[in-house]
**Student:** 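If you scroll down you'll find the structure; I have some questions about it.
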Protein chains: 4
Amino acid sequence: MRKRDDEKEKSIKQAVVRLTLEEGFHGTSISKIAKVAGVSPATVYTYFDSKEMMLQDIYREYSEEICHFVLSRVHYGMNDRQLIEGLIRSYYDYIEANQEIFSFIDQFSNSPSLVGGCSEIEGFVKIKMLVADLKDREIIKNYHHENVLAMIVQPVKAIAANSSKTKAEKADLLHEMIGMIQSTLLIKET
Amino acid sequence: MRKRDDEKEKSIKQAVVRLTLEEGFHGTSISKIAKVAGVSPATVYTYFDSKEMMLQDIYREYSEEICHFVLSRVHYGMNDRQLIEGLIRSYYDYIEANQEIFSFIDQFSNSPSLVGGCSEIEGFVKIKMLVADLKDREIIKNYHHENVLAMIVQPVKAIAANSSKTKAEKADLLHEMIGMIQSTLLIKET
Amino acid sequence: MRKRDDEKEKSIKQAVVRLTLEEGFHGTSISKIAKVAGVSPATVYTYFDSKEMMLQDIYREYSEEICHFVLSRVHYGMNDRQLIEGLIRSYYDYIEANQEIFSFIDQFSNSPSLVGGCSEIEGFVKIKMLVADLKDREIIKNYHHENVLAMIVQPVKAIAANSSKTKAEKADLLHEMIGMIQSTLLIKET
Amino acid sequence: MRKRDDEKEKSIKQAVVRLTLEEGFHGTSISKIAKVAGVSPATVYTYFDSKEMMLQDIYREYSEEICHFVLSRVHYGMNDRQLIEGLIRSYYDYIEANQEIFSFIDQFSNSPSLVGGCSEIEGFVKIKMLVADLKDREIIKNYHHENVLAMIVQPVKAIAANSSKTKAEKADLLHEMIGMIQSTLLIKET
DNA sequence: AATGAATGAGCTTTCATTCAT
DNA sequence: CATGAATGAAAGCTCATTCAT
């Protein structure tokens with residue numbers, strides 16, 4: 001009996017993500033995926049039950065990965081400003097370093113019909129808990145969790161997605177944006 | 001091969017938008033559109049040159065509509081806080097009242113391959129000019145245009161898209177968010 | 001607008017029936033059917049909603065045709081023996097002249113999953129009424145309708161299906177079988 | 001590539017028969033069979049050379065089983081009427097007690113392409129010899145073997161297959177049918 | 001201008017079978 | 001012997017688009 005090849009599963013997932021960036025969520029057909037991954041279309045179905053479940057699997061895996069990456073870059077030694085900066089900058093860095101993955105995640109989460117059948121992402125819960133903790137410790141102002149998160153997460157996406165700016169210009173924008181959000185959320189002025 | 005019955009063109013566009021909300025960007029095929037719009041598939045091609053151009057047409061039209069709506073609700077008589085609130089609230093109101101349209105616009109603008117072939121939206125230019133004007137008149141702080149816009153536009157989308165909250169709860173979140181953004185952007189404290 | 005081509009629908013149905021005889025119910029795929037019928041696979045779907053509904057349509061049409069044929073060959077001028085003979089012989093004649101159709105009908109009616117979704121055949125009702133009438137008029141003995149019908153319909157199928165006999169031998173068997181059934185069912189001895 | 005675990009072969013055969021009843025002759029794929037039988041698809045090929053040969057094997061085995069069952073219930077001590085009744089009733093009883101098997105056999109024998117490649121069933125020969133013997137001993141009338149068999153075998157199938165009747169109603173029909181056939185075939189009136 | 005018919009290309013998925021362990 | 005992995009081929013069906021009327 002041939003054994004399950006984790007390399008193969010990985011390369012299928014990468015093919016999906018790559019095709020999603022190149023040709024959009026539409027051009028991502030099973031046969032194209034198989035071709036890029038170097039397997040037969042039928043083989044895809046030994047690793048995933050259906051196309052929909054495959055997409056959800058990938059979404060879940062990479063969502064967790066992003067959360068893990070972001071959380072790994074903030075720690076207790078940081079002061080207030082560093083915490084906010086760490087969250088935003090790590091998110092931005094991930095997007096820049098993994099544009100394909102981010103594009104996939106973003107397109108997926110904007111597809112109501114797909115995201116509906118997907119269970120809660122663990123990493124999201126942890127990040128919400130982090131925000132709650134920052135409020136408890138009176139580091140950030142007493143805004144609703146949802147608004148704090150929206151403030152940290154949404155504007156930075158707009159910067160990352162801006163394809164008409166150079167890397168340096170975007171770095172400038174990001175630097176400024178971090179300042180804006182720090183002044184919005186932090187209690188301490190300094 | 002151009003225009004005639006505006007009623008028919010309208011109903012095709014509505015069909016597209018409605019199907020996009022109900023079945024996602026995928027389930028939006030020409031024949032389904034034609035069925036919902038009450039015309040023949042061939043007729044769609046009397047009004048649009050191809051599916052891609054049709055989607056871009058619709059995107060452009062509704063994008064302009066949104067911008068027009070937002071701009072129509074801010075005027076010179078308003079004070080500083082009212083201006084920011086007006087912009088954000090009008091955007092939010094539009095989304096709430098036209099969920100189908102917003103869902104379409106959002107999914108479209110998250111499809112790199114589609115949005116690429118689409119010329120600049122006029123209304124966006126006007127809004128950018130408004131932001132520039134507000135900076136010139138020393139109403140909002142001297143941040144980059146892009147960041148000001150991101151701040152006004154992005155977080156509110158997160159509130160509107162939150163399907164697990166009631167209308168009242170979302171109104172609360174919006175109210176708070178407006179305050180957050182006002183304090184971030186405005187020069188005058190009052 | 002091109003108009004619906006009844007010839008094309010007919011040739012699709014014939015292709016189904018022909019393939020069912022040649023390659024069994026299994027080898028009857030949409031693409032083979034299309035090839036034999038001289039149309040594109042997609043065209044099949046402008047005439048039928050799905051493969052299953054297509055099969056049911058064909059089953060219904062030919063079932064009615066058989067019943068119509070059988071009923072058209074018995075009439076009130078006939079005496080008792082002629083009536084029974086007419087029913088059996090016309091059924092047998094139809095099968096001999098339309099082996100493909102009969103094979104299709106027989107295979108279909110032996111597929112529980114298909115026959116389940118199929119509404120009652122009108123012609124069957126008429127034949128049941130004929131049997132009832134023959135009993136009312138005291139031509140055939142007072143057996144249950146179901147048994148009378150089974151007696152008329154089932155044994156003759158075995159003769160028709162017997163591929164190891166010549167036409168003449170089968171005619172002999174049929175002649176004898178008619179006698180057997182007449183003596184079983186008829187009240188009058190003569 | 002042959003035999004070993006009779007238990008496993010049995011459970012494969014049962015899986016085939018069960019799936020044929022539940023999902024028709026179509027839904028009976030090797031992988032489904034393997035799943036139901038609790039083995040791997042590859043294992044099926046340890047016991048059978050191909051799917052077609054597997055089906056023929058099963059057909060042959062169960063056909064022999066039916067014949068054996070029927071023959072085991074008639075014996076020389078019986079009088080004329082009991083003989084006919086024994087044959088018909090034992091056949092009916094087998095069908096009622098083994099609907100899955102009968103459904104399989106019936107569908108198989110209605111598939112010309114399958115039944116063609118199948119050698120003669122031994123049990124059928126024995127039953128034909130029994131019929132010949134009954135004729136020699138002047139118990140049943142001098143009809144052709146084929147017609148005698150058709151009379152005994154065909155109508156009872158129609159009763160067994162009638163799914164719209166209760167068990168009791170079918171027992172009534174069977175009782176009457178036995179009488180009809182006895183009067184048709186037997187020489188002695190009593 | 002408007003339409004239902006028509007289609008080649010492509011979709012997702014399953015098939016019977018073989019391979020490597 | 002037994003297996004899950006692997007696959008070319010084919011399944012049923014839908015697609016965006018064009019054709020003939």
Side-chain angles (χ1 to χ4, degrees), chain A residues 1-6 8-9 26-34 38-55, chain B residues 1-5 8-9 26-35 38-55, chain C residues 1-6 8-9 26-34 38-55, chain D residues 1-5 8-9 26-35 38-55:
Chain A
M1 161 185 71
R2 232 171 284 176
K3 66 159 64 112
R4 192 187 176 80
D5 188 343
D6 278 352
K8 218 163 262 182
E9 183 177 339
H26 299 78
T28 314
S29 76
I30 294 286
S31 40
K32 284 185 192 170
I33 291 164
V39 300
S40 133
T43 302
V44 175
Y45 286 86
T46 62
Y47 291 89
F48 304 96
D49 285 339
S50 70
K51 193 189 181 188
E52 190 166 335
M53 289 197 64
M54 179 186 70
L55 295 176
Chain B
M1 192 209 280
R2 264 295 74 169
K3 308 292 156 83
R4 207 38 2 153
D5 190 339
K8 224 164 251 181
E9 184 177 340
H26 299 75
T28 313
S29 75
I30 294 286
S31 31
K32 285 185 191 170
I33 291 163
K35 204 163 285 171
V39 300
S40 144
T43 303
V44 176
Y45 287 85
T46 310
Y47 293 90
F48 305 97
D49 288 336
S50 71
K51 193 190 181 189
E52 191 167 334
M53 290 196 62
M54 179 187 70
L55 295 177
Chain C
M1 159 186 75
R2 233 171 283 175
K3 66 159 64 112
R4 194 186 175 84
D5 187 344
D6 278 353
K8 217 163 263 181
E9 184 177 339
H26 299 77
T28 313
S29 74
I30 294 286
S31 40
K32 284 186 191 169
I33 291 164
V39 300
S40 135
T43 301
V44 175
Y45 287 87
T46 62
Y47 290 90
F48 304 97
D49 285 339
S50 70
K51 193 190 181 187
E52 189 166 335
M53 290 196 63
M54 178 186 71
L55 295 177
Chain D
M1 192 210 279
R2 267 288 79 170
K3 307 293 156 81
R4 210 38 359 157
D5 189 340
K8 223 163 254 181
E9 184 177 340
H26 298 76
T28 313
S29 75
I30 294 286
S31 32
K32 283 185 192 170
I33 291 163
K35 205 164 286 171
V39 302
S40 143
T43 303
V44 175
Y45 287 86
T46 310
Y47 292 89
F48 305 96
D49 288 337
S50 71
K51 193 190 180 187
E52 190 166 334
M53 291 197 60
M54 179 187 71
L55 295 177

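Only heavy atoms go into these numbers, but all of them, side chains included; no hydrogens, no water, no symmetry mates. Per chain, numbering begins at 1; letters A, B, ... match sequence-line order.
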**Student:** Measure from the side-chain heavy atoms of A/Tyr45 and tell me the nearest of E/dT13, F/dC13, E/dA16.
**Tutor:**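 The answer is E/dT13.
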**Student:** Measure the distance from NZ on A/Lys51 to P on E/dC11 and round it to the nearest whole Å.
**Tutor:**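 My rounded result for the distance is 8 Å.
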**Student:** Compare side-chain N and O positions of A/Thr43 against OP1 and OP2 of F/dA5 and report whether any pair is under 4.0 Å apart.
**Tutor:**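 No, outside the criterion.
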**Student:** Would you mind reading off the distance between A/Glu52 atom CD and E/dT12 atom C1', rounded to a whole angstrom?
**Tutor:**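 Taking CD of A/Glu52 and C1' of E/dT12, I get 12 Å after rounding.
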**Student:** Heavy atoms only, 4.0 Å cut-off, all strands: where does A/Ile30 land among base, sugar-phosphate and nothing?
**Tutor:**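 Base contact - A/Ile30 has a heavy atom under 4.0 Å of at least one base atom.
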**Student:** A/Arg4 CZ to E/dC19 P: how many Å, rounded?
**Tutor:**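 These atoms are roughly 23 Å apart.
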**Student:** I need the CD1-P distance between C/Ile33 and E/dT7, as an integer number of Å.
**Tutor:**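 Nearest whole value for this atom pair: 15 Å.
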**Student:** Can you tell if the side chain of D/Asp5 reaches within under 4.5 Å of the side chain of D/Tyr47, non-hydrogen atoms only?
**Tutor:**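 In short, these two side chains touch, coming nearer than 4.5 Å.
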**Student:** Taking CE from B/Met53 and P from F/dT17, how many angstroms apart are they, rounded to a whole number?
**Tutor:**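 From B/Met53 CE to F/dT17 P: 11 Å.
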**Student:** By nearest heavy atom, map A/Val44 and B/Pro41 onto DNA chain F; which one lands nearer the 5' end?
**Tutor:**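 Here A/Val44 is the residue nearer the 5' end.
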**Student:** Taking all atoms of both residues into account, what is the closest heavy-atom pair of C/Lys51 and C/Thr28, and its distance?
**Tutor:**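 What the structure gives for the nearest pair is NZ-O, 2.9 Å.
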**Student:** Report yes if at least one side-chain N or O of B/Lys8 is closer than 4.0 Å to OP1 or OP2 of E/dA2; otherwise report no.
**Tutor:**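 Yes, such a contact exists.
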**Student:** Looking at CD of B/Glu52 and NE2 of A/His26, how far apart are the two atoms once the value is rounded to the nearest 0.5 Å?
**Tutor:**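 Answer for the CD-NE2 pair, B/Glu52 versus A/His26, is 10.0 Å.
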**Student:** In whole angstroms, how far is the P atom of E/dA5 from the CZ atom of C/Phe48?
**Tutor:**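 The answer, rounded to whole Å, is 13 Å.
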**Student:** Would you say E/dC15 has OP1 or OP2 under 4.0 Å from some side-chain N or O of D/Ser31?
**Tutor:**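 Result: yes.
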**Student:** Nearest nucleotide by nearest heavy atom, which residue falls closer to the 5' end of DNA chain F, C/Thr28 or C/Lys3?
**Tutor:**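 Its nearest nucleotide lies further toward 5', so the answer is C/Thr28.
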**Student:** Without decimals, in angstroms, what is the distance between A/His26 NE2 and E/dG10 P?
**Tutor:**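 Going from NE2 in A/His26 over to P in E/dG10 covers 17 Å.
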**Student:** Given that C/Ser40 and A/Arg2 both sit by DNA chain E, which one's nearest nucleotide is further toward the 5' end?
**Tutor:**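 Looking at the nearest nucleotide for each, C/Ser40 comes out on the 5' side.
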**Student:** If you check every side-chain atom of D/Val39, which of E/dT13, F/dT3, F/dA16 has the closest atom?
**Tutor:**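 It is F/dT3.
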**Student:** Looking only at heavy atoms, what is the nearest atom pair of C/Thr46 and C/Arg4, with distance?
**Tutor:**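 Smallest interatomic distance, heavy atoms only, reads O-NH1, 3.8 Å.
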**Student:** Rounded to whole Å, how long is the line connecting atom NZ of A/Lys32 with atom P of E/dA9?
**Tutor:**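 Value for this atom pair: 15 Å.
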**Student:** Might you point out which heavy atoms bring C/Ala34 and C/Val44 nearest each other, and give the distance in Å?
**Tutor:**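 Looking at all heavy atoms of both residues, the closest pair is CB-CG2, 4.2 Å.
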**Student:** Can you find a heavy atom in the side chain of D/Ile33 that is under 4.5 Å from one in the side chain of D/Met54?
**Tutor:**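 When only atoms from C-beta onward are counted, D/Met54 and D/Ile33 do touch, with a gap below 4.5 Å.
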**Student:** Can you tell me if A/Tyr47 touches the phosphate of F/dA6, counting only side-chain N or O atoms and a distance under 4.0 Å to OP1 or OP2?
**Tutor:**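 Yes, such a contact exists.
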**Student:** Choose from F/dG12, E/dA6, F/dT7 the nucleotide whose nearest atom is closest to any side-chain atom of A/Ala42.
**Tutor:**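 From the listed options, F/dT7 comes nearest.
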**Student:** Under 3.5 Å, is there any donor-acceptor pair linking the side chain of A/Ser29 to the base of E/dG10?
**Tutor:**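 Side chain to base: no pair below 3.5 Å.
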**Student:** Quick one: is C/Thr46 getting a side-chain N or O under 4.0 Å of the E/dG4 phosphate, OP1 or OP2?
**Tutor:**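 False: C/Thr46 side-chain N/O out of range (4.0 Å or more) of E/dG4 OP1/OP2.
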**Student:** For a 4.5 angstrom cut-off between non-hydrogen side-chain atoms, does A/Tyr45 reach A/Ile30?
**Tutor:**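 In contact.
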**Student:** Which stems, defined as runs of 3 or more consecutive Watson-Crick or G-U wobble pairs with both pairing distances under 3.5 Å, involve DNA chain E?
**Tutor:**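 Output for stems: E:2-21 with F:2-21.
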